[in-house]
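Numbering starts at 1 and runs along the sequence shown.
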Amino acid sequence: MMKRLFFSIALLMAATPVHAQAYRAIQGDMITIEKELPKGALTLHCFGKTWPSIRTETGLAKAWIGVDLKTRPGTYPLKWSVTTPKSGTVQFADKLSVSKGEFRISHITVDRKMAVFGKEELKRIRADQKRLKNSYIAKVDAQPDLKISGMPVEGIMSTPFGAQRYVNGEPRSPHSGIDIAAPEGTPVITPLAGRVLVVSEMYLNGNTVAIGHGHGVVSVFSHLKAVSVKEGDWIEVGSEIGEVGKTGRATGPHLHWGVRFRQARINPVSMIPVKEKQHSPTSAPPRL
Ligand SMILES: [Zn+2]
């Protein structure tokens, strides 16, 4: 009798369904999801890409997804695969709805040479972009978590993520990072450990450092006055990487901080857990 009861409970547990979940995000968000899934090797697909997934200490499946700034608002399938040698691959389907970000319009006025480019400048700008693009796909040892403890510099958010930019009245690509205004020389620290992938003086971005954090996450810090790291260095969280400056195309001293996650343009602020966000910079009116 007792034996039969145990057998029934075991059967019930085995048959417990994995509930489909619906997640929400805004354009530019990095989201973290956790789900109860059977034991086995995990894979997660969304937006035609694979996203990093791990098992937590309690055995939950945990994954991070980057919703690119220009993702069309709508509902997207999110597919988990769990593979075991015994039962092969089993799939589980969730959903992710993406809503439109409320992005501001930002106007800046700069010297003509920073708005209209000749052949030589264009060549340099393209080479700079290529260096950064290559860094987005570089392999780096993964960090155990992708949450960050705070901002790389103390200051005021002068241009938020996603702002539609106008340079000397001409529309340009949306702002793929955040700008934090701070006095020249203010130390910039890395809010997540990683490998320095690029140190370069770029035409538009000025002195730039790109750091790979693993899992396909890369931070780009631009317009630095001074850089205190070199390519190949491993940088621990909280270490100084340089100083705030106004090199490249900048109307005043500020740090531009952009994050790419498997090439998706991510709002760095979305990587800060909610309770830490109270310490993030306050929004200020745009510098015209
Ligand atoms: Zn910027």
Side-chain angles (χ1 to χ4, degrees), residues 6-26 28-68 71 74-98 133-149 191-195 197 210-219 234-237 259-268 270-274:
F6 274 132
F7 186 65
S8 311
I9 290 170
L11 255 185
L12 255 177
M13 281 173 73
T16 303
V18 174
H19 292 289
Q21 279 169 285
Y23 302 98
R24 287 171 178 279
I26 296 173
D29 275 351
M30 174 190 282
I31 62 160
T32 307
I33 58 178
E34 286 187 349
K35 189 178 172 76
E36 250 180 84
L37 284 174
K39 283 202 176 83
L42 300 166
T43 319
L44 177 64
H45 275 95
C46 192
F47 305 127
K49 289 182 195 177
T50 304
W51 298 95
S53 52
I54 58 161
R55 288 279 176 183
T56 66
E57 279 173 12
T58 55
L60 289 173
K62 180 175 180 175
W64 299 269
I65 298 174
V67 181
D68 183 73
T71 305
T75 303
Y76 294 83
L78 201 155
K79 285 183 194 148
W80 286 98
S81 304
V82 182
T83 307
T84 54
K86 213 171 146 194
S87 39
T89 299
V90 185
Q91 293 198 321
F92 301 92
D94 289 333
K95 283 189 173 121
L96 173 60
S97 9
V98 177
K133 267 191 181 161
N134 287 341
S135 79
Y136 304 150
I137 51 170
K139 287 255 179 290
V140 175
D141 289 346
Q143 288 301 286
D145 207 339
L146 292 175
K147 71 167 187 260
I148 57 173
S149 54
L192 197 62
R195 180 80 59 203
L197 300 172
I211 298 181
H213 308 294
H215 287 313
V217 178
V218 177
S219 281
W234 178 264
I235 307 295
E236 289 301 337
V237 59
V259 171
R260 298 287 173 131
F261 182 18
R262 304 215 163 167
Q263 300 175 60
R265 293 160 292 180
I266 295 304
N267 183 354
S270 71
M271 294 171 72
I272 305 174
V274 177

- For the student: nearest non-hydrogen atoms of H213 and A193, plus distance: ND1-O, 2.8 Å
- Query: Less than 4.5 Å apart, any side-chain heavy atom of Q21 and any of K95?
  - Reply: no
- Item | Side chains of L78 and I33 in contact at under 4.5 Å (non-hydrogen atoms) | yes
- Task: Apply side-chain hydrogen bond (donor to acceptor under 3.5 Å, both in side chains) to T89 and T83, showing your working.
- Result: CA-CA 4 Å; T89 299; T83 307; 2.9 Å; yes
- Message: When you compare the side chain of I54 with that of W64, does any pair of heavy atoms fall below 4.5 Å?
- Response: yes
- Measure across L37 and A61 and return the closest heavy-atom pair with its distance rounded to 0.1 Å. CD1-CB, 3.8 Å
- Message: Pair V218, L197 - check side-chain contact (heavy atoms from CB on, under 4.5 Å), show working.
- Response: CA-CA 9 Å; V218 177; L197 300 172; 4.2 Å; yes
- Determine, step by step, whether T43 and T50 satisfy the side-chain contact (heavy atoms from CB on, under 4.5 Å) criterion, reporting the C-alpha distance in whole Å, the side-chain angles of both residues, the deciding distance to 0.1 Å, and the verdict. CA-CA 7 Å; T43 319; T50 304; 3.8 Å; yes
- Message: Quick one: does any side-chain atom of H45 pair with a main-chain N or O of W80 as donor and acceptor, under 3.5 Å?
- Response: no
- Message: If I take atom CZ from residue R260 and atom OG from residue S135, how far apart are they, to the nearest 0.5 angstrom?
- Response: 9.0 Å
- Query: Does R55 reach the main-chain N or O of A41 with its side chain, forming a donor-acceptor pair under 3.5 Å?
  - Reply: no
- Message: Test your reading of the model: is there a side-chain donor-acceptor pair from W51 to the backbone of C46, 3.5 Å cut-off?
- Response: yes
- Does CD in E36 sit with more than 12 non-hydrogen atoms of other residues, nucleotides or ligands closer than 6.0 Å? no
- Given the rule in the salt bridge (charged side-chain N to carboxylate O under 4.0 Å, His left out) test, do D145 and K62 qualify, once you have shown the distances and angles that lead to the verdict? CA-CA 10 Å; D145 207 339; K62 180 175 180 175; 3.4 Å; yes
- Message: Applying the side-chain contact (heavy atoms from CB on, under 4.5 Å) criterion to I148, which one of V259, V217, I272 satisfies it?
- Response: I272
- Item | Student check: side-chain heavy atoms of F92 and P38 closer than 4.5 Å | yes
- Message: If you compare all heavy atoms of L146 against all heavy atoms of M271, which two are closest, and at what distance to 0.1 Å?
- Response: O-CE, 3.4 Å
- Message: Using the rule given for side-chain contact (heavy atoms from CB on, under 4.5 Å), can you reason through Q263 versus I137, listing the C-alpha separation, both sets of side-chain angles and the distance that settles it, and then say yes or no?
- Response: CA-CA 8 Å; Q263 300 175 60; I137 51 170; 3.4 Å; yes
- Message: Minimum heavy-atom separation for G66 and A264, please, with both atom names.
- Response: O-CB, 3.9 Å
- Task: For A25 and I31, work out which heavy atoms get closest and say how close.
- Result: CB-CG2, 3.8 Å
- Item | Min side-chain heavy-atom separation I65-L44 under 4.5 Å | yes
- Task: Apply side-chain contact (heavy atoms from CB on, under 4.5 Å) to F47 and D68, showing your working.
- Result: CA-CA 9 Å; F47 305 127; D68 183 73; over 6 Å; no
- Message: Quick one: does any side-chain atom of K35 pair with a main-chain N or O of H19 as donor and acceptor, under 3.5 Å?
- Response: yes
- Query: Do S270 side-chain atoms and M30 backbone N/O form a donor-acceptor pair below 3.5 Å?
  - Reply: yes
- Query: Would you call I26 and V67 a side-chain contact if the rule is heavy atoms closer than 4.5 Å?
  - Reply: no
- Message: Could you measure the distance from the CD1 atom of I235 to the CZ atom of R195? Nearest 0.5 Å is fine.
- Response: 9.0 Å
- Distance in Å, S81 OG paired with L42 CG, rounded so as to fall on 0.5 Å steps: 9.0 Å
- Query: Distance-only, no hydrogens or angles: does the R262 side chain make a donor-acceptor pair with backbone N or O of H215 under 3.5 Å?
  - Reply: yes
